[in-house]
Amino acid sequence: MGFEETPVAVTDTHALIWAIDGKRKRLGKHALRLFDRADEGTCAIYIPAQALAELGEACHSGRVMLALPFEDWARAAFASGKYHEAELTAEIVYAAQRLYSIPERGDRLIAATAVVLDLPLITRDPEIQKATGVECIWS
């Protein structure tokens with residue numbers, strides 16, 4: 001059963017990990033609701049390429065355990081329609097150049113993905129939340 005819902009938000013890495021690794025209680029109220037809605041098939045969430053890479057590294061190091069091998073999980077997640085891949089593009093890199101108030105490159109690229117897609121970012125990261133021009137969803 002595939003969902004064809006329009007994405008309503010972009011997720012950062014920590015929110016994604018907590019949503020899929022049995023730690024949903026760590027999510028803010030509004031963040032939790034979006035992941036629940038994605039599970040129900042009433043919305044979809046973009047996963048930036050950078051967040052996907054960080055998830056893969058967390059799986060490789062053993063910090064995150066998925067029900068399937070990482071690649072199988074990712075392919076199934078995208079095939080389900082609950083999640084959509086957000087590729088890293090030149091436009092995202094350009095937008096990241098305007099977000100140097102966010103100190104970590106990966107976080108800048110994830111935030112820039114949300115900016116370019118004109119969608120809110122699911123994050124509790126205070127550096128991202130303080131950045132001008134990035135709409136964030138959490139509590």
Side-chain angles (χ1 to χ4, degrees):
M1 167 166 137
F3 300 98
E4 296 302 327
E5 296 299 328
T6 302
V8 297
V10 176
T11 185
D12 81 354
T13 309
H14 282 105
L16 176 63
I17 288 171
W18 295 332
I20 64 174
D21 196 27
K23 297 179 180 140
R24 287 199 173 190
K25 66 181 185 285
R26 297 187 73 178
L27 294 169
K29 180 176 68 170
H30 290 102
L32 175 62
R33 182 66 191 127
L34 283 176
F35 283 105
D36 286 346
R37 285 183 54 210
D39 286 347
E40 294 161 3
T42 61
C43 80
I45 298 170
Y46 272 113
I47 300 175
Q50 178 70 31
L52 188 64
E54 291 174 7
L55 173 61
E57 291 171 0
C59 291
H60 178 75
S61 71
R63 288 178 290 145
V64 173
M65 302 295 292
L66 300 174
L68 298 169
F70 167 73
E71 184 177 340
D72 294 341
W73 177 89
R75 290 183 185 283
F78 294 136
S80 75
K82 296 176 187 180
Y83 297 102
H84 292 252
E85 178 183 356
E87 295 180 3
L88 179 59
T89 65
E91 287 302 317
I92 291 169
V93 173
Y94 304 151
Q97 296 300 301
R98 298 185 295 274
L99 296 172
Y100 271 95
S101 64
I102 301 170
E104 292 182 32
R105 178 181 59 217
D107 290 343
R108 276 194 307 278
L109 291 170
I110 290 168
T113 301
V115 169
V116 168
L117 294 173
D118 196 25
L119 292 171
L121 178 63
I122 304 169
T123 186
R124 82 165 193 182
D125 186 311
E127 298 293 341
I128 297 173
Q129 289 178 341
K130 289 188 296 188
T132 301
V134 182
E135 180 187 353
C136 297
I137 295 175
W138 190 255
S139 51

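Position 1 is the first residue of the sequence, and the numbers go up from there.
Clustering ILVMFWY residues whenever any of their side-chain heavy atoms sit less than 4.5 angstrom apart, transitively, puts Phe35 in a cluster other than the one holding Leu119. A chain of hydrophobic side-chain contacts below 4.5 Å, direct or via other Ile, Leu, Val, Met, Phe, Trp or Tyr residues, connects Leu16 to Val8. Note on Trp138: it does not cluster hydrophobically with Val134, by side-chain heavy-atom contacts below 4.5 Å among ILVMFWY residues. Under the 4.5 Å side-chain heavy-atom criterion for grouping Ile, Leu, Val, Met, Phe, Trp and Tyr, Leu68 is connected to Val64 within one hydrophobic cluster. The cluster map of Ile, Leu, Val, Met, Phe, Trp and Tyr, joined by side-chain heavy atoms under 4.5 Å apart, puts Ile45 and Trp18 in the same cluster.
Around the CD atom of Gln97, the shell of radius 6.0 Å holds more than 12 heavy atoms that belong to other residues, nucleotides or ligands. Heavy atoms from other residues, nucleotides or ligands lying under 6.0 Å from CZ of Arg24 number more than 12. The neighbour count for Glu85 CD, taken as heavy atoms of other residues, nucleotides or ligands under 6.0 Å away, is above 12.
To the nearest 0.5 Å, atom NZ of residue Lys25 and atom CG of residue Leu32 are 12.0 Å apart. For the atom pair NE2 (His30) and CD1 (Ile122), the distance works out to 12.0 Å, reported to the nearest 0.5 Å. Distance check, rounded to the nearest 0.5 Å: CZ of Arg105 to CG of Leu99 gives 14.5 Å. Between the CG atom in Asp39 and the OG atom in Ser80 there is a gap of 8.5 Å [rounded to 0.5 Å]. Note that the CD atom of Gln50 and the CG atom of Leu88 stand 7.5 Å from one another [nearest 0.5 Å].
Taking the side chain as every heavy atom from C-beta outward, Ile128 and Cys136 approach each other to under 4.5 Å. Inter-residue side-chain proximity for Leu55 and Ile20 is flagged as met; some heavy-atom pair is nearer than 4.5 Å. Contact annotation: the side chain of Phe70 approaches that of Leu52 to within less than 4.5 Å [non-hydrogen atoms, C-beta and beyond]. In this structure, Lys23 and Ile17 have side chains that are not in contact, with every pair of non-hydrogen atoms separated by 4.5 Å or more.
Summarising the geometry of Thr13 relative to Ile110, their closest heavy-atom pair is OG1-CD1, 3.5 Å, with the distance given to 0.1 Å. In this structure, Asp12 and Arg124 approach most closely via the heavy-atom pair OD2-N, 4.4 Å. Heavy-atom minimum distance, Arg63 versus Ser61: NE-OG, 2.9 Å. Nearest heavy-atom pair across Ala112 and Ala96 is CB-N, 3.5 Å. In plain terms, the two heavy atoms of His84 and Phe78 that are nearest each other are C-CE2, 3.6 Å. Closest approach of Ala86 and Tyr46 over heavy atoms only: CB-CD2, 3.8 Å.
Test Leu117, Ile137, Thr123 against Val10 for side-chain contact (heavy atoms from CB on, under 4.5 Å) and you get one pass: Leu117.
Ion pair Glu127/Arg108 not flagged as a salt bridge, since none of the NZ, NE, NH1 or NH2 atoms sits closer than 4.0 Å to an Asp/Glu carboxylate oxygen.
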Check the pair Leu66, Cys59 against side chain to side chain contact (heavy atoms under 4.5 Å, CB included), reporting the backbone distance first and the verdict last.
CA-CA 7 Å; Leu66 300 174; Cys59 291; 3.5 Å; yes
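Relative orientation of the Trp73 and Tyr83 rings is tilted, given thresholds of 30° and 60° on the angle between their planes.
Looking only at distances, a side-chain donor or acceptor of Thr42 sits under 3.5 Å from a matching main-chain atom of Arg37.
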